[in-house]
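So that the names make sense, note that chain A is the first sequence line, chain B the second, and so on, each numbered from 1. The structure displayed is predicted, hence computed values, not measured ones.
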Amino acid sequence: MATLTQTIKHRRISEVSPARRLFMGIVELIIGILIYVLFAARLAPELLTTFNMTPGGIDVGQLADWVVPSRLTLTIFAIVCVGIGAYQIVKGFGRATNGMVGLCGLLLIFGFLIWQASGKTLNLSGMLSSAVLLAVPITLAAFAGILAERSGTINIAIEGMMLMSCMFAALIGSLTKSAVLGLLGGVLSAVALAMLHAVLCIKYKINQVVSGTVINIFSAGMTAFISQKFLQKYQTLNNPPMFTRIPVPLLSRIPFIGPILFNQNVFVYMMFLILIILQVALFSTRWGLRLRSVGEHPKAADTLGIDVIRTRYVGMLLSGVVAGIAGAFFTLGSVGRFDEGMTAGKGFIGLAAMIFGNWYPFGALGAGLLFGFADAIGSKLSLLGSAIPPQFMGMAPYLITMIVLAGFIGKGQAPAAEGKPYEKE
Amino acid sequence: MSEAQAEKKDLGQAILKEIVPPPEEEAPRKSFWKSISIPALAILTGLLIGAVMIAATSSTVWAAFGQSIWKGFGRAFAEIGAAYQALFTGAIGDPVRIVRALGSGDAREIRSALNPFLESLVQTTPYIFTGLAVAVGFRSGLFNIGVEGQLFIGAAAATYVGYAITGLPGFIHMPLALLAGALGGAFWAFIPGLLKAKTGGHEVINTIMMNWIAFRLTEWLLSGPMTRPGSGGMPLSPLIQKSAEIPQFFQAPIRFHLGFFIALAVAWFINWFLFKTTWGLDLRTVGTNPRAAKYAGLSTTKSIITAMIISGALAGTAGAVQILAVNRSMALGLSSGYGFDSIALALIGNNTPLGIVLASLLFGTLRNGATRMMVVSAIPIDIVDVIQAIILMFVAAPAIIRAMYHLKKPKKEEATIFLSGWGGK
């Protein structure tokens with residue numbers, strides 16, 4: 001039946017359908033109105049919001065406190081959002097559509113912060129610094145997703161791979177007393193699962209979502225089993241050394257940005273490194289062109305002599321490597337100990353970040369940072385004594401994911417052949 | 001006839017082929033052994049791998065291998081034997097004791113000897129509901145991973161109706177609480193269903209996000225508005241009224257209850273709905289052949305939403321029955337991962353209600369037995385998850401099982417369920 005109406009779609013990313021343009025414009029308008037009605041209109045005009053600039057851990061590159069009038073700032077935010085929305089409806093931003101909606105989302109979140117912290121002090125640098133850290137697993141998971149899906153295989157097993165790597169990183173890190181070897185162990189365990197996923201999807205051609213679910217259940221069970229059998233019994237097995245903060249010389253001295261981006265642990269730097277490698281490899285090398293062609297039109301790629309099966313294996317295994325780094329982050333870069341189910345759906349949020357970022361590395365980074373930001377707000381607000389229950393703040397990343405999926409699933413920008421096993425004729 | 005006309009006629013034929021729904025499989029019935037061989041061998045292999053895990057993670061086995069290889073094997077088999085014996089007696093009961101009790105004719109003794117078996121049926125009950133929930137989704141091409149969250153919301157709704165409404169007779173109150181559970185679950189599934197139908201947001205990610213939101217929401221409900229007075233902020237609900245309870249047949253500690261038979265009745269009903277009604281046919285057509293469904297004028301939007309509502313209602317009922325019949329109040333440890341287990345269940349049961357009831361019996365028995373295995377042999381209960389994942393993998397990839405046991409390939413490929421990629425196409 002597939003041959004009946006086989007057409008090759010020429011998709012241009014710069015084109016946004018009128019309905020989508022209108023919808024996005026309305027969303028931006030609503031955000032603007034919300035900022036005014038929910039936040040600005042409910043504040044007394046003389047209130048001030050103070051943003052404290054102590055990122056912690058480093059005393060260079062600090063700025064003085066930043067004091068803004070709460071209501072005036074919020075009103076400006078609202079006007080900006082309404083303006084963007086109006087322009088979007090009338091003329092449209094074309095390629096920048098997603099970015100503009102993202103900007104409005106950011107203003108909404110920032111506005112929420114100003115409102116919550118009105119008359120109080122909030123440590124902005126500290127929060128951004130922890131947002132970057134929280135964005136690491138999500139962004140890396142999104143990179144893992146890009147590698148798999150650009151080569152045509154859906155990888156919802158990222159969550160399971162991360163969890164497995166998380167546990168093995170703690171175990172091997174504790175055994176060898178070396179964070180580097182722990183990372184290596186974690187990555188290897190994730191790659192083993194990626195190999196299993198690849199064999200099931202590519203060789204046995206089973207449904208890729210089912211295969212991913214198999215791996216997710218398996219990982220949840222296996223890590224809980226080993227954790228209860230060994231890690232909880234012998235505490236020394238669950239005490240890996242951690243990667244500490246390393247300030248990058250010079251760069252960490254840049255005011256404001258420096259301490260936030262360049263006084264972090266090695267996982268943050270790895271995230272940026274992988275970002276650059278991925279961007280260059282996928283879009284500026286022959287290898288990347290081949291990988292993408294296999295994900296878009298495997299038959300054509302095969303005709304040109306590209307080994308589709310092999311390329312897909314490579315894509316999936318590399319996806320496993322990146323997912324493994326993402327998992328090891330939890331034990332070696334953040335908590336220093338393995339807890340059952342500690343990835344808490346970050347792998348799935350990473351997939352949403354990948355979709356939000358249109359299967360582009362830089363887009364995924366932006367989305368990951370947004371999710372990390374939403375995550376960081378939750379913990380900071382409970383310190384401010386917010387009236388909003390912490391559970392509701394905890395819902396934010398999941399809600400944002402759903403909104404993003406509903407609004408941003410671009411029309412046909414996913415790799416065309418993803419999800420379909422390749423049958424050589 | 002000109003060439004163009006011939007082509008046109010072929011096209012008409014081809015479209016006609018697509019429109020006409022596939023005839024009900026009247027083909028010669030597969031023999032019992034053939035239809036059960038793959039699941040049976042998958043279960044056997046799963047248990048074998050579980051046995052290897054038990055032996056490989058036992059320190060005494062390793063110590064014995066240190067002495068001599070034969071002692072090692074002996075010790076390994078002894079440990080596996082002890083563990084699986086505990087699994088069996090925990091799940092079915094001690095055969096010697098059952099025979100002796102039957103011989104003595106003492107009703108109390110018979111009941112307590114049969115208690116492990118009855119408890120397995122108690123454990124089976126939620127699986128039947130959740131397995132059916134996943135299967136209804138699968139049949140219509142939807143992957144409902146949100147059963148866990150829907151179960152929590154259903155349970156919370158049933159709990160609320162169960163304790164907050166007073167003065168109703170049992171024959172009204174209990175069904176009302178059940179209905180509340182079903183509605184709660186249905187609502188929770190309706191949201192991702194609507195998003196899928198209207199925006200194309202993939203249900204896999206959305207239902208998982210809804211799971212996390214449901215956990216946070218119930219945590220808030222149970223420690224805030226629905227908390228038990230005097231629980232000191234612990235997430236725990238008040239006890240439900242006597243009139244809302246689903247009756248248990250025997251005195252404590254035997255928990256066997258009416259819910260099991262409700263589950264069987266619901267399974268029969270779903271069977272009738274899926275295979276004997278037009279609605280069911282529509283759902284299945286959309287699931288197996290969305291293009292044909294489109295040509296035949298079926299509304300995919302409608303069937304996606306209908307299927308999600310039914311699926312969610314089943315999941316919600318699972319939670320409600322668990323509260324009304326077994327727990328009698330709600331706490332956070334309500335579910336031991338029914339959501340993910342039920343995916344395995346539905347696939348092992350080949351998405352037929354009868355198959356699901358059988359698979360539920362297997363899973364309920366395994367989980368009940370594993371509780372005793374944990375007590376006797378100190379093997380974490382999570383091994384059941386691992387075994388279930390392995391079973392699922394083999395059922396999803398029968399080619400592996402066929403290769404392992406040198407089975408012949410079937411002449412016709414089994415009908416596969418259509419699941420879509422991220423774009424919802």
Side-chain angles (χ1 to χ4, degrees), chain A residues 1 4 149 154 156 159 196 200 203-230 340 344-345 348-349 351-352 355 389-395 397-399 401-402 404-407 409-415 418-420, chain B residues 11 14-15 17-18 53 57 143 145 191-192 195 198-202 204-206 208-213 215-217 219-220 223-224 289 291-292 337 340-341 343-344 347 378-390 392-393 396-397 399-400 416-417 419-425:
Chain A
M1 73 173 172
L4 228 161
E149 303 215 346
I154 291 179
I156 71 159
E159 175 83 9
L196 176 66
L200 288 176
K203 177 148 188 253
Y204 288 101
K205 302 188 178 76
I206 81 173
N207 185 302
Q208 296 172 2
V209 178
V210 171
S211 165
T213 308
V214 166
I215 288 169
N216 287 335
I217 301 177
F218 178 81
S219 288
M222 196 56 141
T223 50
F225 179 85
I226 295 179
S227 164
Q228 282 177 29
K229 189 101 191 167
F230 301 109
E340 278 174 43
F348 294 114
I349 296 180
L351 282 179
I355 294 171
Q391 288 96 350
F392 280 80
M393 289 313 305
M395 287 179 199
Y398 309 117
L399 277 174
T401 307
M402 289 179 66
V404 161
L405 276 183
I409 187 110
K411 292 299 168 207
Q413 303 198 354
E418 72 165 15
K420 299 182 196 102
Chain B
L11 195 69
I15 291 176
K17 236 190 218 164
E18 296 260 306
M53 261 177 79
T57 57
F143 207 145
I145 307 195
I191 298 171
L195 287 174
K198 293 288 179 199
T199 71
H202 202 280
V204 168
I205 295 205
N206 275 336
I208 290 168
M209 295 300 119
M210 292 294 281
N211 280 348
W212 289 99
I213 296 171
F215 300 151
R216 299 279 184 276
L217 186 66
E219 192 188 330
W220 173 72
S223 50
N289 199 343
R291 273 176 55 166
F340 275 106
D341 291 355
I343 295 161
L347 288 172
I379 292 160
I381 198 165
D382 304 274
I383 194 172
V384 176
D385 283 335
V386 177
I387 294 176
Q388 281 168 359
I390 292 166
L392 172 58
M393 180 179 83
I400 304 178
T416 48
I417 288 156
L419 290 166
S420 54
W422 301 126
K425 278 166 288 181

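The CD1 atom of A/I206 sits 7.0 Å away from the CD1 atom of B/I400 when rounded to the nearest 0.5 Å. The CG atom of A/N216 sits 7.0 Å away from atom CD1 of B/I208, with the distance rounded to the nearest 0.5 Å. Taken to the nearest 0.5 Å, the CD1 atom of B/I145 stands 6.0 Å off from the CZ atom of A/F348. The structure places CD1 of B/I213 at 7.0 Å from CE of A/M395, a figure rounded to the nearest 0.5 Å. In this structure, OG1 in A/T213 is found 13.5 Å from CE in B/M393, a value given to the nearest 0.5 Å. With values rounded to the nearest 0.5 angstrom, B/D382 atom CG is found 12.0 Å from A/K229 atom NZ.
Your options are A/Q208, A/Q228, A/K205, A/Q391, and the one with the most heavy-atom pairs under 4.5 Å with chain B is A/Q391.
The aromatic rings of B/W212 and A/Y398 lie parallel to each other, their planes meeting at an angle below 30°, with 60° marking the opposite boundary.
Only the side chain of A/L196 comes within less than 4.5 Å of a heavy atom in chain B; its backbone stays farther off. Within the 4.5 angstrom heavy-atom criterion, atoms from both the backbone and the side chain of B/L392 approach chain A. B/I383 touches chain A through backbone and side chain together, each having a heavy atom under 4.5 Å away. Heavy-atom distances place both the backbone and the side chain of A/F218 under 4.5 Å from chain B. For chain B, no part of A/I226 is nearby; none of its heavy atoms comes within less than 4.5 Å. Neither the backbone nor the side chain of B/I387 comes within contact range of chain A; no heavy atom of the residue lies under 4.5 Å from a heavy atom of that chain.
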>> Run the side chain to side chain contact (heavy atoms under 4.5 Å, CB included) test on A/I349 and B/M209 for me, step by step, so that the C-alpha distance in whole Å, both residues' side-chain angles and the decisive distance to 0.1 Å come before the verdict.
In response: CA-CA 8 Å; A/I349 296 180; B/M209 295 300 119; 3.8 Å; yes
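Counting heavy atoms from C-beta outward, A/F225 and B/D385 have side chains that stay 4.5 Å or more apart.
Shown here for B/A397 and A/L200, the closest heavy-atom pair between the two residues is CB-CD2, 4.2 Å.
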